[in-house]
> 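Structure in structure tokens, see below.
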Amino acid sequence: MRHPSLVARMAVVGSLLFAVYAVAAVVAMGAFGVPLWLVLIGSVLFVGVQYKIGKWAALRSVGAEDLPEEQYPEIHRQVEALSGEMGIEKPRLMIARMGVPNAFAVGRKGAGTVVVSEELLRRLNADEVEGVLAHELAHIGNRDVVMMVLGQGIASIVSIVAQWAVLLTGDNDLADFFLAIVVGQVVQMFVMLFVFAISRYREYVADSDAAGAIGGGEPLASALEKISQGNERASESAVDEQVNALCIFGEGRGLARLFATHPPVEKRIERLRN
Amino acid sequence: MDYRTLLAAALGVGLGMLLIVAPEAIVRAHTTGRVPGERGGEYGTDSVPDDRVRLLVRVVGVGLVAAGLYFGATGFGML
């Protein structure tokens, strides 16, 4: 077992998500008379469509293009070696102009895509780029993208069922419509809190896997440090000050931590260096 | 006293306040898993929705608070 603590956390969060999904399924079957097979097929289709549309939309929205091997032979070579090390197929590599240094992975093990921004390749050195690529490959290897899609799918299904349950048990007056909408949103956010919590932990796991694959955490730590330092300088705008002044959703504070998919960068750097 | 109306009022005001104070929360709750979370921001961080989206969410939040207060007043027979 590669990550016993991740398995334990996934068991807890997975059981909770399954429990809320089961309640939603029972409500759908009991209140609306939907047969079990339709609930199951509908759920799989719902999540499948979200997965397909999400991948397509993510690549399209940043205008990602294939990373030419003749222009970036070193990156292709690094990814090939890292993929072999991590026991996954080499993903499709793409490049995009995102306006900021960034990289992300979409897809699943065997059909993954890693997108890097031109800005990231310009700002980081070869070792740091390798650290970032290793982290993204770890996301594909650990099926993190699929887990997030599943989490979102369950949250959405439960939220829709809750909304309809409120609607169909009320008097159909204005207050009932309002209550249904609000309950749907509250339920969605509540379920997503668990998804966010596991997402933050999976980031640490991906960091640890990346460090293992490239023989140390320093390159990725250095990449995160370089990018976050640039980010700090750029964030000295009036809008950010306004947001931070609320002292509740500013970077790394209060609610921000609960609703963040990523742990604080400084904590990741600290763990990578230790 | 209609408890469903009062529940609508309480949840509406609560959700509305959350949307005003933390518009990122609702955006993230709907986008995580649908699009990669870090796609819009810098590497290693969560993306922050642009100012127009945040403003829109806050306007919706104000609407929810107003509607919640209206239903609250109705539930207590003040209107």
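Proteins get letters first, then strands, A, B, ... in listed order; numbering begins at 1 in each. Small disclaimer: the values here were computed from a predicted structure and weren't measured.
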> Check for a donor-acceptor pair, side chain of R271(A) on one end and backbone N or O of S208(A) on the other, with a separation under 3.5 Å.
no
> If I measure from the heavy atoms of chain A, does L18(B) come under 4.5 Å with its side chain, its backbone, both, or neither?
side chain
> Starting from the C-alpha separation in whole Å, work towards a yes-or-no answer on side chain to side chain donor-acceptor pair (under 3.5 Å) for E203(A) and H139(A).
CA-CA 8 Å; E203(A) 287 296 324; H139(A) 276 316; 3.1 Å; yes
> Out of curiosity, I181(A) CD1 to S159(A) OG, how far, rounded to the nearest 0.5 Å?
11.0 Å
> Please classify the contact between M192(A) and chain B as side chain, backbone, both or neither, with a heavy-atom cut-off of under 4.5 Å.
side chain
> Let's test your reading of the structure: which of L174(A), L120(A), V145(A), L150(A) forms the most heavy-atom pairs below 4.5 Å with chain B?
L174(A)
> Under a 4.5 Å heavy-atom cut-off, does chain A meet the side chain of L7(B), its backbone, both or neither?
both
> Quick one: of A223(A), A175(A), A180(A), who has the most non-hydrogen atom pairs under 4.5 Å with chain B?
A175(A)
> Indicate yes or no for a side-chain donor-acceptor contact from R268(A) to the backbone of H262(A) under 3.5 Å, with no hydrogens or angles considered.
no
> If you count heavy-atom pairs under 4.5 Å between each of L179(A), V115(A), V183(A) and chain B, which one has the most?
L179(A)
> With only heavy atoms counted, which part of V132(A) is less than 4.5 Å from chain B, the side chain, the backbone, both or neither?
both
> Just to verify, what does Q163(A) make a side chain to side chain donor-acceptor pair (under 3.5 Å) with, not counting sequence neighbours?
none
> D144(A) versus chain B, heavy atoms under 4.5 Å apart: side chain, backbone, both or neither?
neither
> Measuring from atom CG of L59(A) to atom CZ of R92(A), what distance do you get when rounded to the nearest 0.5 angstrom?
7.0 Å
> May I ask you to check if R28(B) and F196(A) form a cation-pi contact, with NZ or CZ under 6.0 angstrom from the six-membered ring centre and within 45° of the axis?
no
> Count the heavy-atom pairs under 4.5 Å between each of Q152(A), E119(A), K55(A) and chain B, then report the option with the highest count.
Q152(A)
> Give, as side chain, backbone, both or neither, the part of A155(A) having an atom under 4.5 angstrom from any heavy atom of chain B.
neither
